[in-house]
Amino acid sequence: MRAAVFDSGVGGLTVVKSLVEHRLFDEIVYFGDTARVPYGIKDKNTIIRYSLEALEFFKNFEPDILIAACNSVSAHAIEELRSNAPFPVVGVIEPGVMALEQKIENKDAQILIIGTNATISSARYEKELQKRGYHNTISKATPLFVPIVEEGIFEGEILEATMRHYFDGLHPDAVILGCTHFPLIANAISRYFNHKATLIHSGEAIAEHLIKSLSLKSRSKEPGLKFFASENPEKLKKIASAWLS
Ligand code: DGL
């Protein structure tokens, strides 16, 4: 079984890492639109256009499924991808909310959703949470975390100051890491909230969702990996070998 994984850049490798660990596919074809990242500051129509262009690229590989690892794509272009793809398309938002539902029973729990401006302005997570009865949500665009992670900063003063800037006064019961990059700073975020908040990681959520919805079984060996990027694929491959190790 072959999965195609799409992201605006390198961040979707956090989702690939979960898919590799769970050995759900024989092959994973990854495309990061590194020439046009970030998507999180772009408007809906641009995100849809870029996503449909990526879809054309993936069609050449005849994947069994397309996984939109990017939250900004999942928030704005999932319907368009689904109606134009000859294979199933899954995004990260519903699986993330389903994972939260499994971990947080209390519907009064305070849920903090963090993501790019595009993801937060779509209010997609909030709507999905509200459908399931969670009414105590706070959404916060935290775009500065994206370049910080891309700089390879996963702890330390700059990250601490940025967390204080965004999180001051907040005491959530759960945090939805609504951006591909945020799992890489999950430990720091958890520490900031004194390990009292449950963190939801898109990659893990999507792996669990695929296991359940497609009844996928773990393969005996790790998948073959193919990496493509619209700019500087060598850099993406280097980051992949560092993050996936
Ligand atoms: N991959 C994007 C997301 O998960 C983050 C980077 C970007 O803004 O493109 O929303």
Side-chain angles (χ1 to χ4, degrees), residues 4-19 28 30-55 57-58 66-78 80-81 89-97 99 112-126 128 139-154 159 162 166 175-186 189 199-207 209 227-232 235-236 239-240 243-244:
V5 177
F6 170 44
D7 184 51
S8 55
V10 296
L13 293 169
T14 58
V15 171
V16 172
K17 189 173 170 76
S18 299
L19 299 177
I28 296 175
Y30 183 91
F31 172 67
D33 194 0
T34 47
R36 303 191 288 197
V37 69
Y39 282 14
I41 54 165
K42 308 247 167 21
D43 72 13
K44 185 177 177 69
N45 287 339
T46 304
I47 296 172
I48 291 172
R49 182 158 53 86
Y50 290 175
S51 301
L52 292 179
E53 285 171 16
L55 175 63
F57 172 79
F58 282 124
L66 170 62
I67 296 165
C70 180
N71 281 263
S72 306
V73 169
S74 301
H76 288 289
I78 206 77
E80 288 75 8
L81 281 171
V89 179
V90 289
V92 281
I93 294 183
E94 250 201 316
V97 172
L112 171 64
I113 307 147
I114 55 174
T116 63
N117 290 302
T119 299
I120 296 305
S121 69
S122 78
R124 270 281 165 100
Y125 274 108
E126 263 167 313
E128 286 298 325
S139 298
K140 226 173 168 66
T142 57
L144 284 176
F145 288 144
V146 174
I148 288 175
V149 167
E150 297 227 341
E151 274 298 301
I153 298 173
F154 305 144
L159 182 56
T162 312
Y166 287 134
V175 182
I176 295 189
L177 304 173
C179 174
T180 46
H181 291 56
F182 299 173
L184 290 155
I185 50 169
I189 294 175
L199 266 48
I200 305 295
H201 174 325
S202 299
E204 280 308 298
I206 206 149
H209 172 73
F227 295 109
F228 298 93
S230 50
E231 184 179 272
N232 205 344
K235 185 173 171 201
L236 183 129
I239 296 175
W243 288 9
L244 298 180

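Order of appearance sets the numbers: ligands from 1, and atoms from 1 within every ligand.
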Between D7 and C70, which heavy-atom pair has the shortest distance, and what is it? OD1-CB, 3.0 Å
Determine whether D33 and Y39 satisfy the following criterion, side-chain hydrogen bond (donor to acceptor under 3.5 Å, both in side chains), listing intermediate values before the conclusion. CA-CA 9 Å; D33 194 0; Y39 282 14; 2.5 Å; yes
I want to check something: taking the side chain as every heavy atom from C-beta on, are L55 and L66 in contact at a cut-off of under 4.5 Å? yes
Short version for T180: what comes under 4.0 Å of ligand 1, heavy atoms counted, is both
Have S18 and E204 got a donor and an acceptor in their side chains that come within less than 3.5 Å? yes
Taking heavy atoms and a distance under 4.0 Å, where does T116 meet ligand 1: side chain, backbone, both or neither? side chain
Anything under 30° is parallel, anything over 60° is perpendicular, the rest tilted; go ahead and classify F31 against F6. parallel
When you look for heavy atoms under 4.0 Å from ligand 1, do you find them on the side chain of V73, its backbone, both, or neither? neither
Around atom 2 (C) of ligand 1, find the nearest protein heavy atom and jot down its residue, atom name and distance. C70 SG, 3.4 Å
Atom indices of ligand 1, in the order listed, that fall short of 4.0 Å to a heavy atom of V37: 9 (O)
Nearest non-hydrogen protein atom, atom 10 (O) of ligand 1: S72 OG, 2.7 Å
Looking only at distances, please establish whether an N/O atom of ligand 1 is found under 3.5 Å from an N/O atom of S8. yes
Angle between ring planes, F57 versus F228, binned at 30° and 60°: parallel, tilted or perpendicular? perpendicular
Determine, using heavy atoms of C179 and all atoms of ligand 1, whether some pair is separated by less than 4.0 Å. yes
Would you mind running through ligand 1 and noting each atom that sits below 4.0 Å from a heavy atom of D7? 1 (N)
Any idea which protein heavy atom is nearest atom 8 (O) of ligand 1, and the distance to it? G40 N, 2.8 Å
If we count only N and O atoms by modelled type, under 3.5 Å, do the side chains of T116 and S72 hold a donor and an acceptor together? yes
